[in-house]
Amino acid sequence: MQTRTLRFNYEFSRIYRKGKFAAGHYVVVHYLRRPGSPGRVGVTASRKVNGSVQRNRVKRLLRESYRLVENRVQEGYDLILVARQTDDRPGMRQVQTDLLKVLRRARLLKPEGETSE
RNA sequence: UGAGCCAGGCAGGCAGCCGCGGGCGCAGUCCGAAAGGGCGCGCGUGAGGAAAGUCCGGGCUCCACAGGGCAGGGUGCCGGGUAACUCCCGGUGAAGGCGACUUCAAGGAUAGUGCAACAGAAAUAGACCGCCGGCUCCGGCCGGCAAGGAUGGAAAGGCGAGGUAAGAGCUCACCAGCGGGCUGGCGACAGUCCGGCUAUGUAAACCCCACCUGGAGCAACACCGUGGAGGGACAUCAAUGUGGCCCGCAUGUCCCGGGGAGGUGGCUUGAGCCGUCCGGAAACGGUCGGCCUAGACAGAUGGCUGCCAGAUACAGGACCCGGCUUACAGCCUGACUCAGUAA
RNA sequence: GUCCCGGUGGCCUAACGGAUAAGGUAGCAGUUUCCGGAACUGUAGAUACGGGUUCGAUUCCUGUCCGGGACG
């Protein structure tokens with residue numbers, strides 16, 4: 001993964017506090033502009049997602065979804081992808097389309113070249 | 001064939017491509033004075049039977065501690081296993097089941113104290129109805145009895161016979177319980193004989209007896225530790241600020257101890273796993289041989305495709321072991337029981 | 001992750017091992033009023049779940065589930 005991962009709690013806190021967010025059905029994206037940086041990302045699951053198996057599962061799906069669309073994301077942003085608690089257990093396609101929808105709404109995708117993929 | 005019961009085991013597999021954590025190797029590039037670090041390539045490795053609940057027991061680490069006792073907590077039939085246990089194995093007794101089998105905190109109620117509501121005459125203590133005898137003014141009174149009725153979870157052993165005015169272990173047989181002897185057993189206990197003649201329940205109520213027991217927990221603990229706060233030393237009025245000037249104070253340099261953020265260790269070779277043989281009824285122990293099998297710190301196992309007939313439960317390590325308990329789709333293997341049918 | 005508390009009607013609190021589980025508030029119905037409120041009367045509604053000890057369990061023991069707290 002070219003993008004570096006967020007590591008410390010204060011980094012998460014600053015993005016939650018100062019950044020903006022956009023929510024979908026399965027995922028919430030918090031983002032904060034950070035000029036001059038290649039961009040970093042952190043993946044988390046809501047505490048309401050019951051069971052470590054479910055939490056880790058949705059985090060894996062989110063990581064994989066992000067990896068597949070990584071090169072289409074605007075640079076210079078810190079992102080946090082938060083998995084939400086839902087009644088169903090989402091599959092890969094659902095998470096990926098939801099993530100794309102949210103990123104597009106937050107205008108975090110690169111303007112052109114995305115249709116070529 | 002159906003129903004059941006017990007023990008053990010598996011927990012989707014294979015292939016291709018992309019991706020992730022740890023390890024080893026390679027040498028290219030970038031950063032750095034260096035040590036080293038980032039990016040890259042290759043090889044190999046990478047969650048469970050419960051990893052869970054945190055209910056017990058240990059290892060390990062730190063703190064406390066001369067020795068002994070009390071208090072508090074725990075355990076509680078017997079023998080064995082184990083590092084240890086509230087666990088496991090075997091046995092005894094009791095309860096349940098036609099049975100295979102299952103379940104049991106299963107010491108002591110003549111050490112003492114407490115409690116036992118309501119009902120009932122009476123709850124550890126006796127006479128309401130009643131039965132029998134006597135008296136009678138026919139209302140009942142006196143005495144005997146504890147078999148029957150009624151209440152209750154429990155009513156002074158049970159049941160039968162004798163006996164009696166009616167009754168009663170009053171007497172006798174059997175059974176239960178209590179005490180003692182003998183036999184078997186390491187023991188719990190079992191069998192048998194004798195005796196006296198009967199003792200409510202509750203100790204997961206206080207308690208008594210026997211045995212065990214310091215406290216905390218890897219976010220323990222150890223090391224490094226920018227800055228900042230504190231203390232000390234030096235320097236020297238040379239410089240700056242305060243001040244009319246000196247002393248002093250702050251700024252300067254060095255040291256000290258404690259140590260927040262962060263980093264490193266602890267961190268995986270261990271009461272380890274697999275197999276052979278031996279001892280043992282078993283749990284388990286021993287000999288020999290082989291193997292190395294996650295160590296993360298926003299926290300690694302995922303995605304796509306194909307095949308296997310179909311389907312994929314409960315669920316993810318966080319210092320490590322031994323147990324218990326709880327959750328769980330679909331199966332496999334073996335022993336046994338009952339019912340039906342056939343031979 | 002480690003350690004520690006708690007669970008009673010919709011909500012807030014009571015209940016030496018002995019009831020038909022008590023009270024306040026909210027709900028419903030009625031009385032009162034022209035109507036509403038207040039007041040008065042009545043009424044329904046609960047021991048988180050399972051097992052055990054006991055004659056008898058909200059209480060004692062045990063196992064689950066749920067909620068909360070401390071450290072971080």
Side-chain angles (χ1 to χ4, degrees):
Chain A
M1 206 180 278
Q2 319 163 339
T3 317
R4 302 188 51 180
T5 54
L6 295 170
R7 297 193 60 211
F8 302 111
N9 196 39
Y10 66 86
E11 296 173 329
F12 280 81
S13 301
R14 189 180 58 217
I15 296 165
Y16 286 138
R17 202 170 56 246
K18 293 189 172 180
K20 301 178 177 178
F21 69 94
H25 188 246
Y26 297 110
V27 60
V28 181
V29 177
H30 293 259
Y31 56 100
L32 179 65
R33 193 170 162 75
R34 199 162 171 274
S37 159
R40 300 180 299 178
V41 66
V43 178
T44 316
S46 160
R47 203 186 188 118
K48 291 174 185 168
V49 179
N50 279 330
S52 54
V53 173
Q54 288 306 305
R55 278 197 299 277
N56 286 332
R57 166 82 182 160
V58 290
K59 280 160 72 177
R60 280 180 206 131
L61 293 178
L62 268 181
R63 252 194 298 275
E64 179 71 10
S65 299
Y66 179 79
R67 188 177 70 85
L68 294 175
V69 300
E70 188 178 25
N71 52 358
R72 295 163 55 186
V73 175
Q74 293 261 23
E75 287 151 8
Y77 283 91
D78 280 349
L79 302 180
I80 301 176
L81 313 178
V82 181
R84 307 183 70 181
Q85 161 71 343
T86 52
D87 292 336
D88 57 336
R89 295 181 176 185
M92 181 64 196
R93 290 199 183 85
Q94 296 162 288
V95 171
Q96 189 160 13
T97 54
D98 198 51
L99 176 66
L100 274 175
K101 189 176 70 182
V102 172
L103 289 177
R104 192 174 295 118
R105 194 188 303 147
R107 302 182 191 286
L108 289 170
L109 296 179
K110 289 179 183 172
E112 268 315 309
E114 62 190 20
T115 51
S116 64
E117 305 186 35

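So you know, we letter chains A, B, ... as the sequences are listed, proteins then strands, and number each from 1.
Taking atom CG of N71(A) as the reference point, atom P of C18(B) lies 17 Å away to the nearest angstrom. As a whole-Å value, the separation of E70(A) CD from C18(B) C1' is 13 Å. One can place CZ of R60(A) at 12 Å from C1' of G21(B), the figure rounded to the nearest angstrom. The separation between Q96(A) atom CD and G302(B) atom P is 17 Å, rounded to whole Å. Nucleotide A300(B) holds its P atom 12 Å from the CZ atom of R55(A), rounded to whole Å. For the pair Y66(A) OH and G302(B) C1', the interatomic distance rounds to 17 Å; values are reported in whole Å. Here A318(B) presents its P atom at 12 Å from CG of N56(A), a figure rounded to the nearest Å.
Rounded to a whole angstrom, the distance from the P atom of G322(B) to that of U333(B) is 30 Å. Rounded to a whole angstrom, the distance from the C1' atom of A150(B) to that of U113(B) is 34 Å. Comparing the P positions of C77(B) and G72(B) gives an interatomic distance of 23 Å, to the nearest angstrom. Taking the P atom of each, G74(B) and C5(C) are spaced 14 Å apart, rounded to whole Å.
For the salt bridge (Lys or Arg N to Asp or Glu O under 4.0 Å) test, no residue two or more places apart in sequence or in another chain qualifies with K20(A). Listed by chain and residue number, Y26(A) satisfy the side chain to side chain donor-acceptor pair (under 3.5 Å) test with Q94(A) (two or more places apart in sequence, or in another chain). When the side chain to side chain contact (heavy atoms under 4.5 Å, CB included) test is applied to R60(A), the partners found at least two apart in sequence or on another chain are N56(A), R63(A). Residues satisfying the side chain to side chain contact (heavy atoms under 4.5 Å, CB included) test with L61(A), not counting sequence neighbours, are R57(A), M92(A), V95(A).
Applying the 90° criterion around 0 to the glycosidic angle, G169(B) comes out syn. A19(C) shows a glycosidic angle within 90° of 0 and is accordingly assigned syn. Taking the O4'-C1'-N9-C4 or O4'-C1'-N1-C2 dihedral as appropriate, G80(B) has a value more than 90° from 0 and is therefore anti. An anti base is found at A335(B): its glycosidic angle is more than 90° from 0. U53(C) adopts an anti glycosidic conformation, its chi angle falling more than 90° from 0.
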Please tabulate the protein-to-nucleotide N/O contacts below 3.5 Å involving nucleotides 312-314 of chain B, giving atom names and distances.
none

Identify all pairs in which a protein N or O lies below 3.5 Å from an N or O of nucleotides 303-307 of chain B, and state each distance.
unit_1: G303(B); atom_1: OP1; unit_2: R57(A); atom_2: NH1; d: 2.9
unit_1: G303(B); atom_1: OP1; unit_2: R57(A); atom_2: NH2; d: 2.8
unit_1: U305(B); atom_1: OP1; unit_2: R93(A); atom_2: NH2; d: 3.4

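Looking at heavy-atom distances under 4.0 Å, T44(A) makes contact with a base.
Between R63(A) and G299(B), a side-chain N or O to OP1/OP2 separation shorter than 4.0 Å is present. Note on S52(A): a side-chain N or O is less than 4.0 Å away from OP1 or OP2 of G317(B).
Counting heavy atoms from C-beta outward, V29(A) and L99(A) have side chains that approach closer than 4.5 Å. Residues V73(A) and L79(A) have side chains in contact (heavy-atom distance under 4.5 Å, counting atoms from C-beta outward).
The backbone N or O of A83(A) sits nowhere less than 3.5 Å from a side-chain atom of R55(A) that would complete a donor-acceptor pair.
Annotation: the span from Y31(A) atom OH to I15(A) atom CD1 amounts to 12.5 Å, rounded to 0.5 Å.
Between Q96(A) and V69(A), the shortest heavy-atom distance links the atoms NE2-CG1, 4.3 Å.
Ranked by how close their nearest RNA chain B nucleotide is to the 5' end, V43(A) and Q54(A) are led by V43(A).
Both distances falling under 3.5 Å, in either a Watson-Crick or a G-U wobble arrangement, occur for no nucleotide opposite A109(B). Judged by Watson-Crick or G-U wobble contacts below 3.5 Å, the nucleotide G40(B) has C26(B) as its partner. In this structure, A7(B) forms a base pair with U333(B), meeting either the Watson-Crick or the G-U wobble geometry with both donor-acceptor distances under 3.5 Å.
Each of V28(A), V58(A), V43(A) was compared with L81(A) under the side chain to side chain contact (heavy atoms under 4.5 Å, CB included) criterion, and only V43(A) meets it.
By the 4.0 Å N-to-carboxylate-O rule, E64(A) lies close enough to R67(A) to be salt-bridged with it.
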